[in-house]
Amino acid sequence: PEVNLLTNGSFETPEILETDPYSWFTYDSGTPGLGWVVEWVSNITLFDGHARPNIASLEIQRHPGGWLSKDGGQHAELDGDWTGPIGNFGNEPASVRISQDVATHDGYNYELAFSYSARPGTPATDNMLEYKVNGVEGTGSPIVADGSALTQTLWNDYAYDFTGVGNTTHVEFADIGAPDTLGTLLDAVSLRCIDDGTGGGEGDYAELTVIKTVVGGNMQVADFPLQV
């Protein structure tokens, strides 16, 4: 139950160093270690004379403006950027959907947990988080948060319990607010098994210790096989 079945749930990979010239970067879907499949949400492919990259990217931040992450030193912003910090234009429709397919067990119970913050200084229309499990929206989705009055991240924790169907579970998160490169911060995403559907817990076990003692004679302990 303590094992996080998701890869890179706290967005610590790739690592942005404190010595790097920028406190955020965008990483293409398929980047080694990223773990998440990234897709553009909008169908708009041209903005202000600039063509959208064919491969969607995820924006990862490390303390921009002194903002704190929920877990570790980095988090993701789901309304990202087409060109990263070196671009010479902004406010393009860069909202993304990120997803993972995870091996699970049919009938087992699971918990999807995550932390969400509005981007400080942005309105509720910029901070709308949709999340789904196997194509079905989770409880409370979309989650809307207003960051207009914030100067620091304000992380709220969410959890959604569900029962596995088949051998794979598809988990996804998306920014469905105004697509303008601003809003919807995500961190500390985990998927853990609660139990095997019987209430016993996945991998629960008992340890059996057997002591065999030979009294008298020349027989050895190995002469008395035990099957359990």
According to the interplanar angle, ranging from 0 to 90°, do the rings of [X] and [Y] count as parallel (below 30°), tilted (30 to 60°) or perpendicular (above 60°)?
| X | Y | result |
| --- | --- | --- |
| F25 | Y22 | perpendicular |
| Y131 | F173 | parallel |
| W36 | F11 | parallel |
| Y108 | Y110 | parallel |

[X] atom [atom1], neighbour heavy-atom count above 12 within 6.0 Å:
| X | atom1 | answer |
| --- | --- | --- |
| L17 | CG | yes |
| L68 | CG | yes |
| N54 | CG | no |

At what distance, to the nearest 0.5 angstrom, does CZ of R119 lie from CG of L182?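 So the gap between those two atoms works out to 4.5 Å.
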Approximate separation, where rounding is to 0.5 Å, of L186 CG and E77 CD: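 The CD atom of E77 is 11.0 Å from CG of L186, to the nearest 0.5 Å.
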Can a side-chain donor-acceptor contact be found between T169 and T104 if the only test is distance below 3.5 angstrom?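 Yes.
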Are T163 and N109 linked by a side-chain donor-acceptor pair shorter than 3.5 Å?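 Their side chains do contain a donor-acceptor pair, which is all the 3.5 Å distance test asks for.
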Does the side chain of L34 come within less than 4.5 Å of P14's, by heavy atoms?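 Of all side-chain heavy-atom pairs linking L34 with P14, at least one is under 4.5 Å.
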Between W155 and H75, is the ring centroid distance below 6.0 Å?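 That pair passes the under 6.0 Å test.
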Quick one: list whatever passes salt bridge (charged side-chain N to carboxylate O under 4.0 Å, His left out) with K70, sequence neighbours left out.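 So K70 forms a salt bridge (charged side-chain N to carboxylate O under 4.0 Å, His left out) with D157.
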Mind checking what makes salt bridge (charged side-chain N to carboxylate O under 4.0 Å, His left out) contact with E172, not counting sequence neighbours?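 Salt bridge (charged side-chain N to carboxylate O under 4.0 Å, His left out) list for E172, sorted by chain: R97.
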What's the shortest heavy-atom distance between D175 and V41, and which atoms?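 Where D175 meets V41 most closely, the heavy atoms are O-CG2, 3.8 Å.
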